[in-house]
Amino acid sequence: MLQEAEIHSDHVQFSTLSPILIENKQGEPVHPHQIEYVQEFGYYAALRIRELAGREPYRPITIQPLNMKRVVIKETNSTFRQLNTAQKQLHFTAYRGQFMLKGHTSFPSNMRPDA
């Protein structure tokens with residue numbers, strides 16, 4: 001693991017190392033240019049902050065897709081193959097590329113609001 005970087009701006013541009021899969025409440029993949037994508041991403045971001053930091057986000061985290069491309073991921077495992085003999089693989093629609101995140105900046109460790 002790399003050391004966490006200090007972020008001093010309320011928006012930062014990233015490139016994915018792995019495809020990002022965002023699904024709606026019905027379990028359907030959401031395209032990055034749908035409004036629902038931003039809402040669902042915010043939900044998952046807040047959920048992870050609650051799980052990892054035990055608190056609510058200081059500000060909502062939003063994603064702005066910049067150059068995202070569709071990727072179909074094919075996966076399988078022994079349990080799935082035993083349950084479903086007709087279909088040998090699971091297919092997931094995900095996206096990779098560049099995006100911007102907007103939210104609360106990080107603080108130096110001695111100036112964090114929860115310290």
Side-chain angles (χ1 to χ4, degrees):
M1 297 282 291
L2 298 174
Q3 184 175 357
E4 186 175 321
E6 294 286 338
I7 298 174
H8 301 285
S9 174
D10 67 347
H11 60 281
V12 180
Q13 187 172 332
F14 292 95
S15 292
T16 61
L17 296 177
S18 299
I20 299 173
L21 170 62
I22 300 289
E23 294 180 338
N24 62 18
K25 293 175 184 162
Q26 292 75 36
E28 300 163 342
V30 184
H31 187 280
H33 295 290
Q34 291 176 289
I35 298 220
E36 197 177 8
Y37 191 86
V38 174
Q39 295 166 342
E40 295 297 335
F41 182 89
Y43 168 78
Y44 287 117
L47 185 65
R48 290 297 290 162
I49 290 171
R50 283 185 214 107
E51 289 174 352
L52 297 173
R55 62 168 176 80
E56 293 298 313
Y58 297 126
R59 226 171 91 185
I61 298 173
T62 60
I63 186 169
Q64 177 185 351
L66 300 174
N67 184 18
M68 303 286 283
K69 297 190 187 295
R70 181 178 169 214
V71 178
V72 177
I73 300 167
K74 298 175 186 177
E75 291 290 333
T76 189
N77 62 41
S78 59
T79 304
F80 177 75
R81 285 190 300 270
Q82 289 174 354
L83 293 175
N84 191 346
T85 57
Q87 185 178 351
K88 300 290 185 203
Q89 296 177 326
L90 294 164
H91 294 86
F92 300 98
T93 303
Y95 295 85
R96 66 181 172 141
Q98 292 82 38
F99 59 93
M100 184 170 302
L101 291 183
K102 295 180 183 179
H104 193 272
T105 60
S106 66
F107 288 87
S109 55
N110 62 347
M111 295 181 65
R112 294 186 191 236
D114 55 349

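The first residue in the sequence is number 1, and the count goes up from there.
Atom-to-atom distance recorded for Asn24:CG and Gln34:CD is 8.5 Å, nearest 0.5 angstrom. The distance from atom NE2 of His104 to atom CD1 of Ile49, rounded to the nearest 0.5 Å, is 10.5 Å. For the atom pair CE of Met100 and CZ of Phe14, the computed distance is 10.0 Å after rounding to the nearest 0.5 Å. Note that CD of Glu28 and CD1 of Ile22 are 14.5 Å apart. Values are rounded to the nearest 0.5 Å. Atoms CG and CD1, from Leu21 and Ile73 in turn, are 7.0 Å apart once rounded to the nearest 0.5 Å. Interatomic distance, CD of Gln13 versus NZ of Lys102, reported as 11.5 Å (0.5 Å rounding).
Using a 4.5 Å cut-off on side-chain heavy atoms (C-beta onward), Glu56 and Arg50 make contact. Side-chain contact between Tyr43 and Lys25: absent, with no pair of heavy atoms (C-beta onward) separated by less than 4.5 Å. Residues Gln39 and Val30 fail the side-chain proximity criterion, which asks for heavy atoms closer than 4.5 Å. In this structure, the side chains of Ile61 and Phe41 come closer than 4.5 Å at one or more pairs of heavy atoms.
Counting all heavy atoms, side chain and backbone alike, Met68 lies closest to Pro32 at CB-CG, 4.0 Å. Taking both residues in full, the closest heavy atoms of Pro65 and His33 are given as CB-CE1, 4.2 Å, listed atom of the first, atom of the second, then distance. Smallest separation of non-hydrogen atoms from Ser15 and Gln98: OG-CG, 3.4 Å.
One hydrophobic cluster holds both Tyr37 and Leu47 under the rule that ILVMFWY side chains link at heavy-atom gaps under 4.5 Å. Taken together through direct or relayed side-chain contacts under 4.5 Å among Ile, Leu, Val, Met, Phe, Trp and Tyr, Tyr44 and Tyr95 form part of one hydrophobic cluster. There is a path of hydrophobic side-chain contacts, each under 4.5 Å, that joins Ile7 to Leu101.
Thr105 contributes no side-chain N or O that, together with a main-chain N or O of Asp10, makes up a donor-acceptor pair within less than 3.5 Å.
Counting heavy-atom neighbours within 6.0 Å of Leu52 CG, excluding the residue itself, gives a total above 12.
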Item checked: Chi angles and distances behind the side-chain contact (heavy atoms from CB on, under 4.5 Å) call for His31, Arg70 -> CA-CA 8 Å; His31 187 280; Arg70 181 178 169 214; over 6 Å; no
